[in-house]
Amino acid sequence: MTVILGLESSCDDSAAALVTADRHILAQKVVGQTAAHQPYGGVVPEIAARAHVEILPALIRDVLCEAGVSIRDVDAVAATAGPGLIGGVMVALLAGKGLALAAGKPLIAVNHLEGHALSPRLADPDLGFPYLLLLVSGGHCQLLEVRGVGDYRRLATTIDDAAGEAFDKAAKLLGIGYPGGPAIEALAARGDPRAVPLPRPLLGSPEPHFSFAGLKSAVQRAVVAGDFRPEDIAASFQQAVVDCLVDRTRLALRRSEAPTLVVAGGVAANTAIRTELRGLAVSRGRRFSVPPAWLCTDNAAMIGWAGAERFAAGMCDSLDAPARARWPLDESAEKVRGAGVKA
Ligand code: KG4
Ligand code: ZN
């Protein structure tokens, strides 16, 4: 059975995993850096890169040891090659290149977004192509038609902030720590989602794009006004994000024949978001698939799995594969008016 070593270091999680082509995770480890970045309310690239250098080699040793697998038994090494914080991306990619060279194994340079995009197929053996994917993470908020391995058509993206970024910024405004998503979700559980009037940017607009910057500013005004309980702000904010995601995805479903709606990326760990999108899929007669929460947030099992899918398709890379800060899944997608540099 094909065994792939997956490596990840594109943001603030160092991770290694051994994954087989028949969907067995032989071992997997993720070490986050929350404590190192917490004082700054966000990820500091230099701190992240140095921490990856310190953490990743031990994780690679650990997963090989735990699975009882030698690097000689591995069929290929899959490492994230972007997009992400370039100093961090280089750590897993160079480690992967070194191991591939030393052990004489093929290298697979994985797009981190493809890791998220294909991760639902690791958890759900019945999920075939094509599917409509809502990819919601700290750096991205996109609707994509996933037609096959390496074959993506972008239907929509954010014109400003990503959904996870909005969660992180709202949490920072509320002073409840980093990463913001889990902190907001926990606080929102005790609040009233109708208590604070907040906008739903782009709701009902004719293209299924997203925007969250205005929502963040409205949260800031609500915090400064001091008239609302923090748990009510958190619950109202989360509900506004859910409403935007559902509305935009509903529109994209009208433009795609894909039989299944899939949600992936760190924000897909959110229970309210999972529940509402499942409801949307069912109401439109589509199948719904979402990976378990641990597979939504950054990990190396998804990188190993994307590697397994690429390996099966004969898509290996040369040892001079570059590390890329920016790397859109759909290279042909046009820039959206108002969009920054994000893909
Ligand atoms: O996919 P991911 O782990 O890393 C990136 O590739 O960006 O996503 C991280 C993002 C962060 O913005 C974090 O706040 C958000 O996912 N997140 C959540 C939850 N768990 C993580 N957002 C909402 N609810 C959650 N439970
Ligand atoms: Zn990610």
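In each ligand, atom 1 is the first atom listed, and ligand 1 is the first ligand listed.
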Taking distance alone, with N or O pairs closer than 3.5 Å, would you say [X] contacts ligand 1?
X: Asp13; result: no
X: Gly181; result: yes
X: Phe167; result: no

Please identify which atoms of ligand 1 are closer than 4.0 Å to at least one heavy atom of [X].
X: Gly139; answer: 7 (O)
X: Gly164; answer: 12 (O)
X: His116; answer: 1 (O), 6 (O)
X: Glu185; answer: 24 (N), 25 (C), 26 (N)
X: His112; answer: 6 (O)

Check ion pair Arg200-Asp247 (N to O, under 4.0 angstrom): no

Note: Glu54-Arg50 ion pair, threshold 4.0 Å (strictly below): no

Per-residue contact class, His140 against ligand 1 - non-hydrogen pairs under 4.0 Å: neither

Region of Asp168 engaging ligand 1 - heavy atom pairs below 4.0 Å: side chain

Please report the interatomic distance [atom1]([X]) to [atom2]([Y]), rounded to the nearest 0.5 Å.
X: Arg221; Y: Lys216; atom1: CZ; atom2: NZ; result: 10.5 Å
X: Asp151; Y: Asp330; atom1: CG; atom2: CG; result: 9.0 Å
X: Ile47; Y: His52; atom1: CD1; atom2: NE2; result: 11.5 Å
X: Glu309; Y: Glu114; atom1: CD; atom2: CD; result: 8.0 Å
X: Leu202; Y: Leu215; atom1: CG; atom2: CG; result: 11.5 Å

How far is [atom] from its nearest protein heavy atom, and which residue and atom name does that atom have?
atom: atom 7 (O) of ligand 1; result: Gly138 N, 2.8 Å
atom: atom 5 (C) of ligand 1; result: Asp298 OD2, 3.5 Å
atom: atom 24 (N) of ligand 1; result: Asn270 ND2, 3.1 Å
atom: atom 15 (C) of ligand 1; result: Val267 CG2, 4.0 Å

2.8 Å cut-off met by an N, O or S atom of His116 to the Zn ion (ligand 2): yes

The Zn ion (ligand 2) contact by His112, N, O or S atom under 2.8 Å: yes

Under a 3.5 Å threshold, yes or no: a donor from one side chain and an acceptor from the other, between [X] and [Y]?
X: Gln28; Y: Asn299; answer: no
X: Glu207; Y: Ser205; answer: no
X: Asp12; Y: Tyr178; answer: yes

Neighbour count >12 (heavy atoms, 6.0 Å) for atom CD, Glu334: no

Per atom 19 (C) of ligand 1, closest listed option by heavy atom (Gly266, Ala163, Ala293): Gly266

For the Zn ion (ligand 2), the closest N/O/S atom belonging to Asp298: OD1

contact_flag Gln238 ligand 1 heavy-atom lt 4.0 Å: no

Within 45° cone of Phe129 ring axis and under 6.0 Å: Arg121 NZ or CZ: yes

